[in-house]
Amino acid sequence: MAKYIEGDHNAKGLRFGIVVSRFNDFVTSKLLNGALSALKEHGAAEEDLEVARVPGAFEIPQAAKKLCSSREFSAIICLGAVIKGDTPHFDFISAETSRGVGQVGLEFNIPVLFGVLTTNNLEQAVARSGDNSSNKGRETALAAVEMANLFRKV
Ligand code: INI
């Protein structure tokens with residue numbers, strides 16, 4: 001019989017680093033609120049949550065790497081918003097951000113979660129950063145709790 005392992009959503013005793021970019025703050029602040037509420041609702045203590053603010057999505061992997069190297073966190077949650085209408089270099093920023101976030105997680109063997117919206121327009125970004133369950137910050141935070149618990153079991 002195969003052995004299955006899976007992380008649960010109990011955040012008690014886990015420490016989370018959150019990197020959030022300031023560009024498109026009206027969206028990213030909602031992602032941050034979604035992530036913080038989800039973590040606290042699932043048992044995380046306020047003192048176990050650390051938020052690092054960076055200028056834009058491009059800087060997220062750099063700060064995530066710094067937090068990973070401290071070895072203080074069970075998981076790192078990356079939040080940002082790259083909106084296509086805003087920039088001709090949308091493709092470069094979104095590609096670099098996702099590549100960098102993925103690379104940092106693999107390099108440090110710590111769960112590093114990607115909650116960076118990459119949308120064609122503002123409406124799509126607003127729809128994914130709502131006050132309800134359709135909030136990418138919330139969804140990413142829950143995935144971080146699950147991954148942190150999975151890593152504890154392996
Ligand atoms: N940063 C974002 O987070 N989202 C964007 O939509 C965006 N646009 O449109 O340009 C953006 N640019 C800034 C970039 O992430 C860096 O902060 C900047 O290039 C300095 O390195």
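Only heavy atoms go into these numbers, but all of them, side chains included; no hydrogens, no water, no symmetry mates. All ligand and atom numbering here is 1-based and tracks the order in the structure.
When heavy-atom distances to ligand 1 are checked against a 4.0 Å cut-off, I93 comes that close only through its side chain, counted from C-beta outward. Residue-level proximity to ligand 1 for V82 is carried by backbone and side chain together, each with a heavy atom below 4.0 angstrom. The proximity of T97 to ligand 1, defined as any non-hydrogen pair under 4.0 Å, does not occur for either the backbone or the side chain.
Ligand-side atoms of ligand 1 in range of N24: 4 (N), 5 (C), 6 (O), range being under 4.0 angstrom from any heavy atom. For ligand 1, the atoms closer than 4.0 angstrom to any heavy atom of H89 are 10 (O). The distance from ligand 1 to the heavy atoms of A81 drops below 4.0 Å at these ligand atoms: 2 (C), 3 (O), 4 (N), 5 (C), 6 (O). In summary, the atoms of ligand 1 found under 4.0 Å from a heavy atom of A57, numbered by their order in the structure, are 1 (N), 2 (C), 3 (O), 15 (O).
Contact analysis leaves G80 out of contact with ligand 1, as no non-hydrogen atom separation drops below 4.0 angstrom. Residue contacts with ligand 1: K84 is excluded, as none of its non-hydrogen atoms falls under 4.0 Å.
With contacts defined as side-chain heavy-atom distances shorter than 4.5 Å, the pair T118/F90 qualifies.
Considering backbone and side-chain N/O atoms, P55 never comes within less than 3.5 Å of an N/O atom of ligand 1.
Residue L32 is tested with V20, V27, D25 for a side chain to side chain contact (heavy atoms under 4.5 Å, CB included); the sole match is V20. A side chain to side chain contact (heavy atoms under 4.5 Å, CB included) with I83 holds for exactly one of L122, L117, V126; it is L122.
Using a 4.0 Å cut-off between charged nitrogen and carboxylate oxygen, E107 and K65 count as a salt-bridge pair.
A side-chain donor-acceptor contact under 3.5 Å links N135 to the backbone of R138. Between the side chain of N10 and the backbone N or O of G43, no donor-acceptor pair lies under 3.5 Å. Looking at K153, its side chain never comes within 3.5 Å of a backbone N or O of G7 through a donor-acceptor pair.
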